[in-house]
Every structure is written in structure tokens, then in C-alpha cells.
Amino acid sequence: MANVTDLQTKYSKLAQEYSKLRAQNQVLKKAVVDEQANSASLKEQLKQRDQSLRKQEQEMDSLSFRNQQLAKRVELLQEELAASESKGDSPSQHGLQTQSVFDEDLQKKIEENERLHIQFYEADEQHKKTEAELRERLEKLEKDAEQHQAVVDGLTTKYAETIERLQSDKARLEVRLNTSSISLCSQQQLRRCQSELNRQVKQSSSVIQEKVPFNDTSEYLRSVNCAAFQLKARDVAGQAMSFIQDLVAALLNFHSYTEQRVHIYPLDSSIETISPLNQKFSQYLHENAAYVRPLEDSFLQLYQSITEDTVTVLETVIKLKNFAVNFSSYTHFLQKILPYQLKSLEEECEAPLCTAALNAKNQELQSDIKRVTSVFEKLQNYINLLALPSVRQDAMPQSNTSAVFTQLAACLHSLHDAIKEMSKHYNQKAVIERELPTVTQKLCTTTECLLGSLGSLTSCTGKIATFFSNNLDFFTSSGYSPRGSTAALNPVQAESMLANKKKATAYIQAVKKPQSVPYREALSNRRILTSSTESREGLTQQVQQSQEKIARLEQEKEHWLLEAQLGKVRLEKENQRIAELEAQLAAALGGSLNSQTAAAGALTRGHEEAAAELKAAGKEPTLCTSLVGDEESREQLIKSHYMARVGELTTQLQISDSKAVHFHSECRALAKRLAIAEKSRETFSEEVKLANQNITRLQDELATTKRSYEDQLSMMSDHLCSMNETLSKQREEIDTLKMGSKV
């Protein structure tokens, strides 16, 4: 309990620190945002200045070009003037006027050029100065922003680690507390249940001994065992039926997605023609439903043949032969497509972009496919052996049945391991294929679906292997046989036993003896006595519900105890803090009084010495008053200041506690919402999976129906053609006969 209190105290302190750091974090974030905004504005200004500078540079270039043109023009005019003077021609009035116009224009251009040079120089200097200032300010702001961001990141990491550590400590303590409470309550409840069950057993035994006039269980024990065996057989067959349905769905999906992949890789059938081998392989895969679905149908017939009124042994289960035949047909289908699968993988290895790693994975998949096919062949042999006694009774000795079932269980585990290895290698191959540059989204989607079907197939085979191993004792048991005989029932004996059972039931129902307990009532009492397991399960459920309720109440109790202890700790801390503040206040007041007393004593001694000197000189002393402050007002001011500070700290502490509690409640609410969202996601995933399975099943049924209709139409067309040919031949014969009769 002390550890819990210490942890709560540490948690409250860390919550206070967290609130402070959170406030500082908000301030720093705001400062960083402001600095980022200023930096953005300065960058924008710098960008505008750069644009203006480039514009002025362009103007300067244009003016320089214009100046060069004018200079060339002046040189040309000077050359013309020199040429005219060298010829000795007197300039005419028109030439002088033209020369004066050119000179005036040249002078204006020179003045304008000088003025533009001056303006450009001034603007350039001003721009450089402004740019330097802005760059300095930008660097300063960037440094400040980096420092603020580093501080923010450090604080965020610090309080995130603190919160995570506290949450882990709290969760660990809660788990430990819940575990101890649940174990304690479970032990107490178990003792009470055991005592109550013992009391009920004793009471029931005494009532049976006193009230039941006869006990016919020894006579009808064999009948009860027979009924129990049949119920167990019915239940086991129902479970196996659900597993077979899952297996059939997984196999259909696997073969269908394999067919789709063959049409996409290594060549896409929508763009170019795939190889003849893959075409044949796709054609065979398209027929998978004709071999897979009869497995489910034949096992359903087997399940329906097992009822409470029948005797279920290998010799009487005739429908098992149909399932064995269909399983053999599917095994032959796997053997037929095996070489095409191997050749298709070799064709993938021969692709231009096939890497060495992908080639190795394809070789591993080839060995996995061979292994799966060989395991299916072994399963076919064992299932055919189990189906033989229903065809010929002496086909397999009774002593060999146990060995066959054991080998079948081992073979199922081998099948699960082989499919698991194939799924693992397919996953590795898919990862390598995603890195290829030519992979398409269509191929990725088909590969994901194929991996999903392999996962379902792995899970289904694992469940079947586990189920068969768990029920291996039931499968290898001798069942029941005629009284005093160790041999098993044959079909004739089973029919005779059922007929005798019906006659005995009819006789007992017809004969009513009021002085004896009726047979149905005696069997009902026997069932009540043998159903203690069900009553015990009901009591166990009640105990679990009570334990959950007690655990919930204990958690609420511990929560309120922790809240009370936390409040007590806070009160003690506040009292201790007030006592420390009062001690500091008293110490501060005591120091100020001592200093004032010493100063007053010094002043008094000074005044006395001055008065003595004046008296020795023959003068009257004057009264000098010292400026002493009002001590009571000073004490009151200091006390009021510290009391205000205490109140402010108390308010901050309460605000921090409320924020911490609010944060904790938000975390719990988010955790609950996350759990609800996870459950919803799982539910939706299961619904989507079921919908996809239904869609695949309906598509397969549609394809099968379409193919059968097409076959029927083709047969009817052939038949119609043959009938037309026959009819035309008959007409020709009739015409020939008519012509012969006319002749």
C-alpha cells in the first residue's frame, strides 16, 4: 500500500511538472510560430527586393546597349564630318543644322545616361544595404527558431517518456492488483462451490437410495452407452463437416486465384497471348469446382446418415465410400495439374527479369507442390482403407483400424506442415516480386488474394489436424459390440439390434405398471444424475460472473481509497508548506527587528555622546529623533505578501491537478474508443471475408452452371444437326422412291 501511495505522490508531482512544461510548451510554440511568420515575411520581402534588383539590372543592360548604339552613331557622324572636312567642302546651312541637332540630341542622351547611372548606383547601394540587414535578421530569427524548436522537442520527449513510464507503472500495478484479487476471490468461490456440490451430491444420493425402488442402470447401461456413442459420433461428424466446408472454400479460392495469376504473369493475357502450356494449365484449373465441390456434398451425405437411431461403425457407414471416391477424384486432379504447375514455374524462371533469389523461391515452391501432392495421395490411400469395411466386411482386420487412424492423423499434420511451408515461400516470393520494375497493380492484387487463400488453407488444415488428433481416442475405440463378444457389429447385427430396440421400446410404452417406476422416468433420472457436468458448468459460469462483479467492486474500492490517500497527502503537503512559509516569515521578521534595534542603539549612543560634548562645552543639548519605520505595518505587509503567494500557488496546484485528471480521463476514453474501433474492424473484416467467400462461391457456381448450359446447348445443336441430316436423307429417299414409282 505504501508503494501505491509513493507512486501516486510521484504521479501527482510529475503531473504538476507536466502541466508546467505544457504551459511552457504552448508559449514556446507560439513564439516559434511568430518567428516562423516573421521569417516568412522577411523571405517574401527579400524575394521582392531580388525581383526589383533583377528588373533594374535589366533596365541597366538596356541603357548600356542604347548607350553603345549612340556612341557608335556619334563615331559614325564624326567620321563623316572628318571625311567632309578632308574633302574641303564647305558645309552648307542644312548640314550645320543637322550637326547641331545631332549634338543637342547627343548631349541630352549623355546627361540622361549620367542621371540613370547615378540612380542605379544609389538604388543598388540601398538594395545591398537592405538585403544585408534582412539577411542578418533572417539568420538571427532562424537561430532563435531552431533553439526554440530544440527546446520544444526536448520538453515533448521528456514529458512523453515520463507519461509513458507512469502509465506502464500504473498498468502493471493495476494488473497485479486485479490478478491478486481475482485469484483470491476465485479460491474462495471455488471452495464454496466444492462444498455446495458435495452437499448436493450427498443429498441426491440419499434421496435416490430412499426414493428409487429399483436401479435398472446395470441392465440398460449398454443402451445408454450406445446412445452416448451415437451422440458423440453425431457431434464429431458435425465438427468435421464445418472443417470440410472451410477446406473446400479455401481450395476453390486457391485454384481460382492461381488461374488468375497464370493469366497475368509472366505474360498478361489482355496484352499478348500466353504460352500454350499456361493455356492448358488455366483450362484445367478452371475445372477445379467439378472436383472440389463433390467433397463437401459427399461428406454432407455422410453426416446426414449418422443419426441417433443408427449404429455408426466402419462396417455400417456406407456413405464413406462416396467420400473416398470423390477424394480420389480430387487427388487425380492434383496429379494431372502437377506437371503443368512445375512447367509454369519454370517458365517464370525463364522470364528476362527473373532474379536469382526469385529463381530459388520458385524451385522451393516446386518441391512444396510435389510434397503437397504426395501427402494428398497418402490421405487417399488411408481414406480408401477406412471405406473398405463398408463394402466388404472382412476387407480389413479390426486390429488394423487403430493403426490406420493413427497414420491418418500423422498424415494430416504432414499436410498442414507442407501447406504452411508453401505459404511461407509464396510470401517470400511476393516480397521479391514487388521489387521488380515491371510488376503491375493487378499482379500485386492477385498475389495478395492468393496469399490470403493460402493462409486460410493453412489455418483450415491445422484445425483439421488438431481436431483429428484430439478425437483419435474416439476414432480408435472399439465402439460397442454384442454382449459377451469382442467382435465388432456387422450391418446385419446392427439392423437386428435396432429392430429389437424398437420392439422393446414399444413394449415398455404399452405396458404400464403403476407400482414400478416407468422406464422413461428412470432414464430421465439417470440423465439427471449423469448431467452433473452441465450443472457444474452453469455454476462455473455463475462463479465467473460473481468473480467479475467482485473484481469490479474491488477496483472501484481501491480507486476511491487511492483518491482518499491522495487527498490526505495533498493536505499534509499543504500544511507542511504553510508551516515552512510561516517559519520563513518569522525568520525574515526577526532579522529586520534585530537590524532596526542595532541601528536605534547606535543612534542613541551617538546622541548621548553628542550631548555630553555639548554639556562639556557649556551648551544645552538638542533633542534629535531617529527616523524609525513602523514595524507593525512592515510585518503586516510581508505577511499579506506571503499569504497572497500561498493562495496563488494553491490555485496553480488545483489547476494542475484538474488538468492531470482531465488528461487521464481523456486517455481512458481514447483507449476505450480504440478497443471498440478494433472490435468493429475485426467484425467488418470477418464480414468482408464472408462476403468475398460467398462471391467466389457464387462465381464458381455461375461458371459451372454456364459451362454445363453451354455443353447442353452444344449437344442439342449437334443432335439437331444430326436430326436434320437424317431428315434430309429420308426426304431424298422418299423423292427417289417417288421418282422410281413414276418411271
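Below, all heavy atoms of this structure are taken into account, side chains as well, without hydrogens, waters or symmetry copies.
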To the nearest 0.5 Å, what is the distance between [atom1] ([X]) and [atom2] ([Y])?
X    : Y    : atom1 : atom2 : result
L690 : I695 : CG    : CD1   : 11.0 Å
L443 : L436 : CG    : CG    : 9.0 Å
C349 : L365 : SG    : CG    : 9.5 Å
T458 : M422 : OG1   : CE    : 7.5 Å
N113 : I118 : CG    : CD1   : 10.0 Å
L454 : H425 : CG    : NE2   : 12.0 Å

State whether [X] and [Y] are salt-bridged, where the test is any N-O pair (Lys NZ or Arg NE/NH1/NH2 against Asp/Glu carboxylate O) under 4.0 Å.
X    : Y    : result
E448 : R434 : yes
E131 : R135 : yes
E364 : K361 : yes
E580 : R577 : no
E133 : R49  : no
D50  : R54  : no

Which atom pair, heavy atoms only, marks the closest approach of [X] to [Y]?
X    : Y    : value
L53  : H127 : CD2-CE1, 3.2 Å
H263 : I274 : ND1-CD1, 4.0 Å
S423 : G455 : OG-N, 4.4 Å
T446 : Y257 : CG2-O, 3.8 Å

Side chain to side chain contact (heavy atoms under 4.5 Å, CB included) evaluation trace for Q576 with E572: CA-CA 6 Å; Q576 184 179 359; E572 290 176 358; over 6 Å; no
Within-4.5 Å side-chain heavy-atom neighbours: [X] and [Y]:
X    : Y    : value
Q363 : L345 : no
Q652 : I655 : no
Q260 : C449 : no
L571 : N575 : yes
E574 : L653 : yes
R668 : H664 : yes
K429 : E348 : yes

Would you confirm whether [X], through its side chain, and [Y], through its main-chain N or O, come within 3.5 Å as a donor-acceptor pair?
X    : Y    : result
S39  : E35  : no
D124 : F120 : no
S256 : N253 : no

Identified side-chain contact (heavy atoms from CB on, under 4.5 Å) counterpart of R115 within the set E111, H117, Q119: Q119
Sole candidate of N38, L134, L138 that passes side-chain contact (heavy atoms from CB on, under 4.5 Å) when paired with K43: L138
From CA spacing to verdict: side chain to side chain contact (heavy atoms under 4.5 Å, CB included), S52, Q48: CA-CA 6 Å; S52 63; Q48 292 177 0; over 6 Å; no
Verdict with supporting geometry, E678 and R681, salt bridge (Lys or Arg N to Asp or Glu O under 4.0 Å): CA-CA 5 Å; E678 287 292 334; R681 185 179 66 80; 3.0 Å; yes
Exceeds 12 heavy-atom contacts within 6.0 angstrom, atom NZ of K143: no
